Each structure stands twice: as C-alpha cells, then as structure tokens.
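As structure tokens, the structure follows; a few thoughts come after it.
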Number of protein chains: 2
Amino acid sequence: MQKATADKSDPIAAQLAPVGRETVQDRVYLELRRALIGGLFEPSQVLTIRGLADALMTSTMPVREALGRLITEKALEALPNRSVRVPPITLERMDDLLRARILIEGEAIALAATRMTPRQITTIESMLGEWDEMRALKHKKDVDREVTLNQAFHFEIYRACGSAVLIPMIESLWLQSGPCIRVAIYAFSDAGEVDTAHYHRTIVKAIAAQDAKGARDALIADISRPFTFLRSKLEAEAKKGQSV
Amino acid sequence: MQKATADKSDPIAAQLAPVGRETVQDRVYLELRRALIGGLFEPSQVLTIRGLADALMTSTMPVREALGRLITEKALEALPNRSVRVPPITLERMDDLLRARILIEGEAIALAATRMTPRQITTIESMLGEWDEMRALKHKKDVDREVTLNQAFHFEIYRACGSAVLIPMIESLWLQSGPCIRVAIYAFSDAGEVDTAHYHRTIVKAIAAQDAKGARDALIADISRPFTFLRSKLEAEAKKGQSV
DNA sequence: TCAATGCAAGTGTGATCACAAATCAAATAA
DNA sequence: TTATTTGATTTGTGATCACACTTGCATTGA
C-alpha cells in the first residue's frame with residue numbers, strides 16, 4: 001500500500017469516500033443555504049464576508065465564493081455598495097415568487113403523482129404522522145422543526161418527478177422565499193393553529209390515487225397559504241404606515 | 001475637488017458612472033455566460049481555471065468565482081475530480097430541458113402577450129426584418145448572428161412579462177441549453193434552410209393580437225424545433241453506434 | 001448649534017503563495 | 001508487448017496580503 005489516504009483501487013476505502021472529498025467551500029455554501037431556506041436570516045439583513053468567515057470558523061475565501069453563488073441564485077442581493085444583504089420583502093416580489101412556485105412546483109408534483117412508487121408513497125405517508133407528534137406537544141412551538149419537516153415532505157415528492165432541471169429551480173425558489181416564509185410562519189403561530197398536516201394529508205391522498213390534477217391543486221393551496229397570510233399582514237402594515 | 005476619480009456629488013461624473021463600478025469578476029462571468037449561451041464551448045469540454053484566466057487576461061481569482069457561479073446555475077458541471085466541464089448532451093437531459101423551457105418560457109410569453117406596449121411590439125416587429133436581411137446574404141451562414149438575433153428577440157419579449165423571478169430562470173435555462181442549441185443549429189445549416197423568421201413572425205402576430213394562448217403555442221413550436229431535430233440526430237447516432 | 005472636514009476602522013476585490021491531489025509520460029518489470 | 005510504477009507537471013483549494021473604497025465618528029470651522 002502506497003499511501004494512508006483513500007485509494008480508489010481499494011474497494012473499501014472507495015466506499016468510505018465514494019465521491020469527491022467535501023470542500024470547505026461546499027460546507028459553507030450548504031450551511032448558508034440551510035440558514036436561508038430556514039429563514040435564519042432576516043430580510044434586508046446585511047452579511048459581511050469576514051463576519052461569516054469568523055462565524056463559520058474559516059477564512060474569507062470559501063465564504064466569498066459561497067456568497068457569489070447565492071447572489072447568482074437571487075438568494076442574496078448585491079448592493080451597489082458592493083455589500084450583500086438578504087433581499088427585502090415586497091408585495092410584488094411575493095406575488096412573483098408565488099406565481100413561479102405554483103407554476104413549477106405544480107408541474108413537478110403532477111409529474112411525481114404519476115411516477116411515485118408505493119415505497120415512496122409510504123415514506124411521505126409516514127411523514128404525516130410526525131405532524132401529529134408535533135401537535136401533541138404543541139405547548140412548545142418548534143418553528144425550526146416545522147420548517148425542516150415541511151421541506152423534507154415537499155422535496156421527497158419533488159425528487160420523484162425525475163427532472164434534474166426542475167428540482168434545482170425549485171430549490172432556488174425555496175431559497176428565495178425562505179426569509180418570507182419564516183416571517184409568515186411566525187405570524188401564523190401568533191395567529192392560531194397550524195394546520196399544515198391537513199394540507200399535506202390532502203396531497204398524499206391525491207398522489208396515492210395517482211390524481212395529478214388533484215395533487216397540483218392541493219399543493220397550490222398548501223404553498224399559497226403563507227403567502228396570502230403574509231400578504232394581508234403586509235398590506236395592513238402598509239395602510240397603517242400610510243395613514244400615519 | 002478632492003480627487004480625480006468619480007465623485008457622486010458631481011452630477012456629471014455621477015452620470016458617467018451611475019452604478020457600481022464593474023468588477024473583473026463580473027466581466028469574466030458575463031464573458032463566460034455569453035460564450036456558453038452562444039455555444040462557443042462544446043459539450044463535455046473541460047475548462048481549467050488557469051487556462052481561462054490566461055485567455056481572459058486576468059488572475060485565477062475572478063475566474064474561479066465565475067466558474068463557481070456557473071456551476072450553481074447548472075451551466076457547468078463539477079466532476080468528482082474537482083475539474084469542471086460543459087455538461088454533455090444526453091437524450092434525457094434534452095427532453096428535460098425542453099419541458100422546462102416550454103413550461104416557463106410559455107408562461108412568460110403568455111404574460112407578456114397581455115402586457116406588451118405598442119412600442120415594445122414595434123421593436124420586435126423590426127427584428128423580423130433582420131432575418132430577411134440575413135437571408136438576403138445567405139451564401140455566408142453566420143451562426144453567431146443567428147444565435148444573437150434569436151436571443152435578442154426572445155428576451156425582448158420575456159423582459160415584458162414583468163417577472164423578476166421568471167427571467168433569471170429563463171436565462172439559466174438558455175445557459176444550460178446553449179451548447180445543445182449550437183450543435184442543433186450547425187446540423188440545421190447542413191440539413192437545409194433556416195426558417196426561424198417564419199416562427200418569429202407567427203409569435204409577433206399572436207402578441208400583436210394579445211392572443212396569449214396563440215403566442216404560447218407559437219413559442220413552443222419555435223423552441224421545440226432544434227430540440228426535436230437534435231433528438232432525431234442523436235437517436236440515429238445512438239442506433240448506429242449500437243449496431244457497430 | 002450645525003455643517004463640513006478629516007481620520008480611522010471596516011469591507012470587498014484581486015493577486016500571489018503553499019499545499020495536496022490528480023494527470024500524464026517515461027521508465028521499468030513481467 | 002503489456003502492465004505497473006515512479007516522477008514531473010498541472011490543477012483546484014484555501015490562506016494571506018495589498019489596495020481602494022465605504023462608513024462612521026470625532027474634530028474643526030463658521
């Protein structure tokens with residue numbers, strides 16, 4: 001044996017590291033991605049390279065590359081000052097995002113409805129139970145877990161659509177709407193009960209029946225909810241701000 | 001006056017440089033983008049950072065950031081070797097790309113058909129004439145100009161859809177299908193006459209009549225053409241390769 | 001008191017260096 | 001001849017530095 005490092009000719013070592021070793025850059029990128037989809041950054045928040053580099057325990061190099069990538073995905077915004085921030089929420093942008101999500105995620109779920117295997121359907125059915133578990137201990141509203149579970153449910157379906165082109169686009173859309181969604185979910189939690197499980201149940205039922213149109217409609221209802229809620233909230237604020 | 005450089009308080013200088021100064025990184029990124037959409041790189045071609053840096057007369061730094069951005073857009077592909085290449089053409093990927101383009105560009109043109117101003121319609125009408133000009137000197141097939149003109153025509157329409165979310169997605173799709181399209185156009189030129197102008201005329205007619213459905217159908221026919229052509233060519237090659 | 005000036009800290013950008021991994025070619029062994 | 005190995009070159013990655021620009025605050029002037 002020549003080296004102690006992974007050797008592709010060694011089947012065991014190849015299994016331990018079958019793909020290219022993860023780079024710091026990718027780690028940082030995925031970390032920021034997760035934070036954005038989860039809404040951990042607030043809209044209009046400014047991010048600095050050195051600040052993130054310190055927080056992520058690395059140098060500025062991987063961070064600036066990750067930021068550049070997120071800017072091209074419109075997940076972040078490059079200001080003329082050359083500083084970068086989380087895009088602010090506007091009514092126009094929300095409508096725009098929702099329309100695109102209905103169009104593309106609707107298509108993806110319609111495709112998935114005709115292609116999901118019984119095994120995959122069982123998987124998303126089992127996810128419904130987790131919502132019930134969470135409701136059982138509703139005294140503690142765990143927004144993080146809600147976001148994670150919701151994301152896992154949707155992407156389990158989208159992955160089944162079998163399109164290597166649509167899925168990254170959906171990820172980009174979630175990246176862009178992440179900050180808005182988080183704001184909406186917080187507002188939801190204040191306003192009343194979270195009935196996401198009901199919508200997801202409808203989706204699963206349609207998929208199990210291979211009802212593409214029904215699945216699309218149920219999905220549209222599901223993803224529209226936080227947007228319409230947030231929209232009415234923003235309109236109320238705008239009216240109040242205008243009257244003052 | 002303190003400095004010889006641009007000063008925002010000086011209205012004249014501000015007009016000369018109204019937005020943020022262009023960075024080398026952006027220049028490189030736009031350059032590579034243009035090359036990809038225009039199909040100047042071949043499918044499966046490997047790109048190296050230092051090679052591009054030399055070609056673009058800059059250091060490796062702006063190039064690696066630009067490559068990273070193009071990889072996140074799926075315009076380029078990161079191999080496990082950590083090298084990057086133009087994604088190869090496969091039948092599945094082509095069908096996937098075409099479906100996504102029909103979905104999203106179809107929606108964009110339907111929106112644009114109801115929103116384009118007479119002035120904008122005049123602009124795309126005038127573009128039709130350029131095809132006739134080009135046909136007049138058809139002895140010299142100028143693929144570059146065909147690609148540029150086609151792109152200008154389509155994006156003049158898409159810009160009118162008024163969606164800041166859909167347009168970048170369409171750009172991403174063009175970026176991904178650029179290499180395929182170029183191959184198809186070359187095959188077209190060999191096969192016979194280019195009748196792009198006819199399809200564009202149909203599109204303009206539908207838009208002028210504010211016929212959203214007609215515009216969408218005409219667009220679908222237009223963008224499907226190179227894909228179906230290339231598909232039959234690839235299938236023929238695959239069959240030949242299989243028999244050998 | 002208030003506006004303008006000037007300085008200092010912070011920030012993004014591009015270049016360069018060090019290092020590890022991959023690639024390729026020549027040389028060696030079977 | 002063919003397969004393996006060894007060494008040199010190339011390549012991507014991460015860190016660091018230098019520079020220009022921005023920002024914020026204190027100082028200065030009227």
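Letters A, B, ... mirror the listed sequences (proteins, then strands); counts begin at 1. Model, not experiment: these values are computed from the prediction.
At the heavy-atom level, A/Leu79 lies nowhere under 4.0 Å from the strands shown.
A salt bridge between A/Arg69 and A/Asp26 is present, with a side-chain N of the basic residue lying under 4.0 Å from a carboxylate O of the acidic one. Taking a cutoff of 4.0 Å between a charged side-chain nitrogen and a carboxylate oxygen, B/Glu22 and B/Arg27 do not qualify as a salt bridge. Classification of A/Arg33 and A/Glu73 as a salt-bridged pair holds, one side-chain N sitting under 4.0 Å from a carboxylate O.
Atom pair A/Met61:CE and C/dA15:P shows a separation of 12 Å (rounding to whole Å applied). If you take CG of A/Leu67 and C1' of C/dG14, they are 16 Å apart, rounded to a whole angstrom. One can place CZ of A/Arg27 at 10 Å from P of D/dG14, the figure rounded to the nearest angstrom. In this structure, the CG atom of A/Asp54 is 13 Å from the C1' atom of C/dT11, given to the nearest Å. The interatomic distance linking A/Leu52 (CG) with C/dG10 (P) rounds to 16 Å, in whole Å. Residue B/Arg82 contributes atom CZ, which lies 12 Å from atom C1' of C/dC19 at whole-angstrom precision. Rounded to a whole Å, the CD atom of B/Glu22 is 16 Å from the C1' atom of D/dC21. Distance B/Gln25 CD to C/dG14 P: 6 Å, rounded to the nearest Å.
Which of D/dG12, C/dA15, D/dG14 sits closest to the side chain of B/Ser59 comes down to C/dA15. Distance from the side chain of B/Thr48 is smallest for D/dT11 among the nucleotides C/dT13, D/dT11, D/dT16.
Checking side-chain atoms of A/Ser177 against main-chain N and O of A/Cys180 turns up no donor-acceptor pair under 3.5 Å.
In terms of position along DNA chain D, the nucleotide closest to B/Val84 lies nearer the 5' end than the nucleotide closest to the other residue of the pair B/Val84 and A/Pro62. In this structure, A/Arg50 and B/Ile49 both approach DNA chain D, and ranking their closest nucleotides by distance from the 5' end singles out B/Ile49.
Proximity of B/Thr58 to the phosphate of C/dA15: a side-chain N or O atom is located under 4.0 Å from OP1 or OP2. A sub-4.0 Å separation between OP1 or OP2 of D/dC21 and a side-chain N or O of A/Asn81 is absent.
No more than 12 heavy atoms of other residues, nucleotides or ligands sit less than 6.0 Å from atom CD of A/Glu42.
Taking only distance into account, the side chain of B/Arg64 meets the base of D/dG14 through a donor-acceptor pair shorter than 3.5 Å.
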